[in-house]
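Here is how names work: the chains are called A, B, and so on, in the same order as the sequence lines, proteins then strands, and each is numbered from 1. Values below: all heavy atoms of this structure, side chains included; hydrogens, waters and symmetry mates excluded.
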2 protein chains.
Amino acid sequence: MEKASRPHRITSADVARACGVSRATVSYVLNNDPRQTIPLETRERVLQAARELGYSPFAPARLLRSGRSQLVLAVLPFEQVDPALSRSLKELEQRLALHDLTLLSYVGVHPQMGTMHPSAHITPSVLLSYADQTDPLVADFLQPFHAPILHLLGDARIEEQVGNMQAQYLIQSGKRSLLFLASERKDVQRLSHYRFLGVQQACLQGECVEPVLCVLPSSREEARAVLQDTLTKSPSPWGICCYNDEVAFAALAALADENIAVPLTAAVVGCDNIPLAQWSLPALTTIAFHNEPGLDSLIEAIVALSRGESVSWKAQKTLTLITRASA
Amino acid sequence: MEKASRPHRITSADVARACGVSRATVSYVLNNDPRQTIPLETRERVLQAARELGYSPFAPARLLRSGRSQLVLAVLPFEQVDPALSRSLKELEQRLALHDLTLLSYVGVHPQMGTMHPSAHITPSVLLSYADQTDPLVADFLQPFHAPILHLLGDARIEEQVGNMQAQYLIQSGKRSLLFLASERKDVQRLSHYRFLGVQQACLQGECVEPVLCVLPSSREEARAVLQDTLTKSPSPWGICCYNDEVAFAALAALADENIAVPLTAAVVGCDNIPLAQWSLPALTTIAFHNEPGLDSLIEAIVALSRGESVSWKAQKTLTLITRASA
DNA sequence: CTGAAAGCGCTTACAG
DNA sequence: CTGAAAGCGCTTACAG
């Protein structure tokens, strides 16, 4: 069996031929070139011919010629994309589409050897990095794209604030034995570390004892055992800061399995405010992130960068504590 | 302020000049062309020069010449990407990278007028559609890419099976008043509909009364009220089939708020087996999807299609009931 | 207002 | 084994 023969591609030349104009004119019409004044009649002939032939310009050819890609690439090196992120990507996509920019996402930092770097296959004009900007592996990965980078994650300080805010709230509501429940996920250890630091600080300031760090196993039976074991090391009532809402769900389950009253004997605070957070038993008190400056300013920055202008834009995250029933 | 001047791009000509060979040789070496036998010494000189200059080939130029894109585009027209999907994309990416294919994701079906279709900016060699294949809007969107399409979603039949399996299990464990809890999410109504059909069938076969369809509101207070109201319409014990695990969490919360015993008075079955499913109170009984044929076969199909070969591959989903405590 | 022509950077027959 | 050359499809000065 042979390889399929190259399918005939409809080119701008075909369109030009079909309506008896030059390829230049086709290009001017299709790209709405403001420097040209094409008579309406010609314009419509071209547009119709393009439609009839099902013509769409060949992306790599445009790009090779123009040098400007209309592609924005979001780099998401996470084990899993959480729903909050996915929704914000969706919104970004809609907004960027209005500026004729296409948002694409790439998962994973591609550490494999012997294969080509993705930049050999795709040429984004702007990179949106959701990766840890202090990680040199990330920098190495982004560099070959030769595109301006917008770092959308907050810095370490905001992560400390998360832990700090969780702990302060628990201390102020009378819990003096604090726990930090970390995730087993490898890709998240750094964030987790900073959040724990924030908890430590709050304990220092609140004149509590040193908080206990605990990695919660991912099976319910083990989680129960580990938590139970950890709790015996400090007197109740406990304040439990969780790395994120998923860990908080696990904590809530382990506490229920141990018949420990929430929030009376143990209070639980999560982080992320996932959609499911309101449905836990009891409903989860958690931390929500907000992006400052807002989406408008981010869009502006992306559009400018994609045009080769230089802009300064910096992610500024702020936090809110969402108080529900678990703490 | 002027637009930034076009940055000097390092081309294969630069590399060729740097080590005194022709551009052809550079290309042969970098692409590992099996039809050429380049002496090791030359080979290494080229490789090193490329490395030193930080050369990476310009994607659109390669593509324009070769006609073959190494890009695989996953089209995800969902309001949100769930964690299960995101993990499977990650795995797909890793596997495809070994074949020098880059997996990119696109969220949303881009219904907006007046802007260019994404195909003007990107040229995938294979399309992975996670959209409803019977939706003509989806077909219209995919067509301009002129690329072979793999539909990864199961067909309507498998969705009916979901509802059927949920309901059968509940009926067989003694629940004869069945409920189907749908989601408020617009993008998911069609799936939801098929699953409900499956529940209806099971009720017919199991000689139960017609199942009650109920859309669960997204606030906890309203959800409780609506569920309570719905339950009064049929005698306990109730069997509750949920559109997915998120809805099941909501149902569990509403039942707890109403002090209804689970699974005794009301049993709950979800769908998807999300990671959080084991942490609900009580732990969630749910349906898990499996893909047949497996990942290996999918990878094979994608690789073949990207080479222009034609293959027949069809998503075959199978289901398992994961029994935990909620039903 | 329209068209002929150059050239983006690459790969790949082809000639040596 | 290596190099000169063609050409992928497009946009965009430039000449008319």
Side-chain angles (χ1 to χ4, degrees), chain A residues 3 5-17 19-46 50 53 55-70 100 116 119-123 125 146 308, chain B residues 3 5-17 19-46 50 53 55-70 100 116 119-123 125 146 308:
Chain A
K3 286 188 180 182
S5 70
R6 173 194 294 255
H8 176 63
R9 176 178 292 286
I10 294 153
T11 71
S12 71
D14 294 324
V15 179
R17 207 173 311 117
C19 53
V21 299
S22 74
R23 286 157 65 215
T25 308
V26 172
S27 176
Y28 291 143
V29 170
L30 260 42
N31 290 315
N32 245 313
D33 191 322
R35 284 160 306 190
Q36 310 292 329
T37 63
I38 313 281
L40 195 68
E41 193 267 334
T42 311
R43 208 177 199 57
E44 284 184 342
R45 237 172 49 226
V46 171
L53 293 173
Y55 169 69
S56 48
F58 190 45
R62 318 182 70 196
L63 184 46
L64 176 58
R65 176 61 232 239
S66 71
R68 293 220 173 292
S69 147
Q70 301 284 82
D100 250 326
M116 285 235 176
S119 67
H121 306 139
I122 180 157
T123 311
S125 66
H146 299 296
Chain B
K3 284 189 182 184
S5 70
R6 175 194 294 251
H8 176 62
R9 176 178 291 286
I10 294 154
T11 72
S12 72
D14 294 324
V15 178
R17 208 174 308 119
C19 54
V21 299
S22 72
R23 287 158 64 213
T25 307
V26 172
S27 176
Y28 292 144
V29 171
L30 261 41
N31 291 315
N32 246 310
D33 191 323
R35 285 160 305 191
Q36 311 291 327
T37 63
I38 312 281
L40 195 69
E41 194 266 335
T42 311
R43 209 178 197 58
E44 285 183 341
R45 239 174 45 227
V46 171
L53 293 173
Y55 169 69
S56 48
F58 190 46
R62 314 182 75 196
L63 184 46
L64 175 58
R65 177 59 232 240
S66 71
R68 292 221 173 294
S69 149
Q70 301 285 84
D100 251 327
M116 283 237 177
S119 68
H121 306 140
I122 180 155
T123 312
S125 65
H146 298 296

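Within the 4.0 angstrom heavy-atom criterion, only backbone atoms of the sugar-phosphate kind lie near T25(B); the bases stay farther away. Residue contacts shown for P60(A) are absent, as no nucleic acid heavy atom lies under 4.0 Å away. Using a 4.0 Å heavy-atom criterion, one finds that T11(B) contacts the sugar-phosphate atoms exclusively. Residue-level contact check: L63(A) touches neither bases nor backbone, having no heavy atom under 4.0 Å from any strand. At a threshold of 4.0 angstrom between heavy atoms, the contacts of D33(B) with the nucleic acid are absent.
Using a 4.5 Å heavy-atom threshold, the side chains of H121(B) and R62(A) count as touching. For the pair P39(A) and T42(A), the minimum side-chain heavy-atom distance is below 4.5 Å. The shortest distance between side-chain heavy atoms of L30(A) and Y55(A) falls below 4.5 Å.
Rounded to an integer number of Å, the gap from F58(B) CZ to dG9(D) P is 17 Å. Remark: C1' of dT12(C) and CG of N32(B) are 16 Å apart, rounded to the nearest angstrom. For the pair R17(B) CZ and dG9(C) P, the interatomic distance rounds to 11 Å; values are reported in whole Å. Going from atom CG of L64(B) over to atom P of dA6(D) covers 17 Å, rounded to whole Å. The distance between atom CG of L40(A) and atom P of dC1(C), rounded to the nearest whole Å, is 11 Å. Taking atom CZ of R43(A) as the reference point, atom C1' of dC1(C) lies 12 Å away to the nearest angstrom. Between the CZ atom of R65(B) and the P atom of dA5(D) there is a distance of 16 Å, rounded to whole Å. The distance from atom CZ of R62(A) to atom C1' of dG7(C) is 17 Å, rounded to the nearest whole Å.
Between S66(B) and dC8(D), a side-chain N or O to OP1/OP2 separation shorter than 4.0 Å is absent. When the side-chain nitrogen and oxygen atoms of S12(A) are compared with OP1 and OP2 of dG9(D), none of them lie within a distance under 4.0 Å.
Partners of R43(A) under the salt bridge (charged side-chain N to carboxylate O under 4.0 Å, His left out) rule, at least two apart in sequence or in another chain, do not exist in this structure. Residues meeting the side-chain hydrogen bond (donor to acceptor under 3.5 Å, both in side chains) test with T25(A), sequence neighbours left out: S22(A). Evaluation of the side-chain hydrogen bond (donor to acceptor under 3.5 Å, both in side chains) rule for S119(B) yields H117(B) as partners, not counting sequence neighbours. Listed by chain and residue number, N31(A) satisfy the side-chain hydrogen bond (donor to acceptor under 3.5 Å, both in side chains) test with S27(A) (two or more places apart in sequence, or in another chain). Scanning for salt bridge (charged side-chain N to carboxylate O under 4.0 Å, His left out) contacts around R45(B) gives E41(B), with sequence neighbours left out. The side-chain hydrogen bond (donor to acceptor under 3.5 Å, both in side chains) search around S56(B) returns none, not counting sequence neighbours.
Picking from dG3(C), dC1(D), dT11(C) the nucleotide with the shortest atom distance to the side chain of S27(B) gives dT11(C). Which of dT11(D), dT2(C), dG9(C) sits closest to the side chain of R23(A) comes down to dT11(D). Closest contact between the side chain of T37(B) and the listed nucleotides dC1(D), dG9(D), dT2(D) involves dC1(D). Minimum atom distance to the side chain of R9(B) is reached by dG9(C), of the listed dG9(C), dT11(C), dC1(C). Each of dG9(C), dG3(C), dG3(D) was ranked by its minimum atom distance to the side chain of V21(B); first place goes to dG3(D).
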Residue pair T11(A), F58(A): steps toward the side chain to side chain contact (heavy atoms under 4.5 Å, CB included) verdict: CA-CA 8 Å; T11(A) 71; F58(A) 190 45; over 6 Å; no
Are there any protein N/O atoms within less than 3.5 Å of an N/O atom in nucleotides 14-16 of chain C, and if so, which ones and at what distance?
none

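Residues R35(B) and A59(B) each lie close to DNA chain C; by heavy-atom proximity, the contact nearer the 5' end of the strand is made by A59(B).
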Base-pair map of DNA chain D as dot-bracket, where | denotes pairing with a different strand and pairs are Watson-Crick or G-U under 3.5 Å: |||.||||||||.|||
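Applying the salt bridge (charged side-chain N to carboxylate O under 4.0 Å, His left out) test to pairs two or more places apart or on separate chains, those with a residue in residues 20-34 of chain A are D33(A)-R35(A).
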